[in-house]
Amino acid sequence: MEPWPPLLVSLVLLCSAGLTRSLDITSNQSMFEKAQGEKVTLPCTFVLSKEDEGPLDIEWVLIPADNQKKEEIIIMYAVDRIYNHYYAAMTGRMQFTNPDPKSGDGSLDILNLKSSDTGTYQCKVKKAPGVQSKKIHLTVLDKNTGELLLKNASQDNSGTYTCIASNRVGTDECSVELNVTPPMNTAGIIAGAITGTLLGLFVLAFLVFHCCKKHREKKYEKEVHHEIREDVPPPKSRSSTARSYIGSNRSSLGSMSPSNMEGYTKTPYSQVPSEDFERTPAQNPTFAPPKVAAPNLSRMGAVPVMIPAQSKDGSIV
């Protein structure tokens, strides 16, 4: 076998060097459309070569639509550590898909998508001397709401209604069950409520009136019980009547002399008037002592005495 010419050997060596593998990003999808509130995974898988001996750095940045603005770092992996505090708008909503990105997966998860998350994202992988990057465009679609309006609904409209919506993001559906009940007699309900209210007020007023009446009756009874009637004369005293009667007889006896005592008739004390036995003025006896002339009284040594006037019943006027 003849040896290869020197020129051919040189060409083979150059081709072998050109076929040497270097760091490469293997994910291909570059466009994503998601609905608001969903989750998206932006892929960034890579393969390293033997020549890549430097430290591994993975960096995700957001490329602004305005070229005058700088790129914003979202998350970064460097020196076996993850740094995710750069972009405040996504704090708590982003993470590496693989907790250990150096295994060859630097994909990014974004949770609870917002319309402001729409933009171009770039994944950069560096391991000297190899360097690779890949851009991915993300579009976040707003969720629209739809409604079905039923006018003059009746029981025939009762049933299950299903709404199906679809767009470039996907398809979604929801179901609603509708039960239509006949209208209530609102006029009767209002009338019943008014009637019940008036009846309750009437009962309450009756109870208040009854209580007030009872209170007045009790108060009147107390006042009558303690009242002193002015039109009823006080009871006559038996002793005072007897004393006045006896006193009148004594005064009449004192004006008589012994010579005139013969004609005086003694009055029985059993006939003293009392409250239990009262006579009319016509029935009361009149005791008239015998009359003696004034000259005879003087001869008899009598002393003139003023006698108070007496009424027919014997009391002093």
Side-chain angles (χ1 to χ4, degrees), residues 10-143 166-171:
S10 299
L11 291 175
V12 172
L13 291 175
L14 289 174
C15 291
S16 299
L19 293 176
T20 302
R21 294 182 59 189
S22 62
L23 188 152
D24 185 28
I25 296 178
T26 58
S27 54
N28 297 320
Q29 191 173 356
S30 59
M31 296 287 295
F32 288 89
E33 289 183 346
K34 290 290 183 179
Q36 188 175 356
E38 294 183 351
K39 168 189 172 182
V40 66
T41 298
L42 305 181
C44 183
T45 55
F46 58 90
V47 177
L48 299 175
S49 66
K50 293 180 180 181
E51 287 79 10
D52 301 327
E53 297 179 354
L56 176 65
D57 293 335
I58 303 173
E59 185 179 87
W60 277 95
V61 297
L62 176 61
I63 300 176
D66 187 359
N67 295 330
Q68 301 298 327
K69 295 182 179 180
K70 296 182 179 180
E71 299 177 350
E72 294 188 65
I73 299 175
I74 300 175
I75 191 171
M76 183 174 64
Y77 174 84
V79 193
D80 297 332
R81 292 188 61 184
I82 297 175
Y83 303 89
N84 57 0
H85 59 277
Y86 296 102
Y87 193 52
M90 287 188 180
T91 300
R93 297 191 300 118
M94 60 180 175
Q95 61 187 13
F96 279 109
T97 304
N98 192 330
D100 187 14
K102 67 182 180 180
S103 62
D105 187 4
S107 301
L108 175 67
D109 288 342
I110 303 177
L111 312 176
N112 191 19
L113 286 171
K114 300 180 180 179
S115 57
S116 59
D117 295 334
T118 298
T120 301
Y121 297 81
Q122 185 177 41
C123 176
K124 296 180 180 180
V125 182
K126 296 184 293 182
K127 188 173 178 64
V131 177
Q132 287 289 336
S133 64
K134 183 178 180 62
K135 293 181 179 179
I136 300 175
H137 185 75
L138 172 65
T139 301
V140 180
L141 303 177
D142 293 333
K143 281 189 174 181
S166 61
N167 56 17
R168 294 174 298 175
V169 177
T171 302

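What you are looking at is a predicted structure, and each value in this text was computed from that prediction instead of being measured. Excluded from the calculations below are hydrogen atoms, water molecules and symmetry mates; all remaining heavy atoms, backbone and side chain alike, are included.
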Quiz item: Any sub-3.5 Å donor-acceptor pair from Lys127's side-chain atoms to Gly54's backbone N or O?
Solution: yes
Quiz item: Between the side chain of Glu51 and the main-chain N/O of Glu53, is any donor-acceptor distance below 3.5 Å?
Solution: no
Quiz item: Any donor and acceptor pair, going by atom type alone, linking the side chain of Ser107 with main-chain N or O of Cys44 inside 3.5 Å?
Solution: yes
Quiz prompt | Minimum heavy-atom distance Ser49-Asp52, with the two atoms named | solution = OG-OD2, 2.9 Å
Quiz item: Looking only at side chains, do Ser103 and Asp105 share a donor and an acceptor under 3.5 Å apart?
Solution: no
Self-check item: For Thr120 against His137, the heavy-atom pair lying closest together
Solution: OG1-ND1, 3.2 Å
Exercise. Verify, without hydrogens or angle tests, whether Lys134 (side chain) and Ile25 (backbone) share a donor-acceptor contact under 3.5 angstrom.
Key: no
Would you tabulate the side-chain donor-acceptor contacts of residues 71-84 under 3.5 Å, counting partners in other chains and residues two or more places apart, or write 'none'?
residue : atom : partner : partner atom : Å
Tyr77   : OH   : Asp80   : OD1          : 2.9

Quiz item: For the residue pair Ser30 and Lys135, what are the closest heavy atoms and their distance?
Solution: CB-O, 3.7 Å
Self-check item: Qualifying residues under side-chain hydrogen bond (donor to acceptor under 3.5 Å, both in side chains), relative to Thr97, sequence neighbours excluded
Solution: Asp109
Exercise. State plainly whether the residues Arg93 and Asp117 are in salt-bridge range, i.e. N to O under 4.0 Å.
Key: yes
Self-check item: Nearest heavy-atom neighbours spanning Ser166 and Thr171
Solution: CB-OG1, 3.3 Å
Exercise. Looking only at non-hydrogen atoms, find the nearest pair between Gln122 and Ser133 and report the distance.
Key: NE2-OG, 3.5 Å
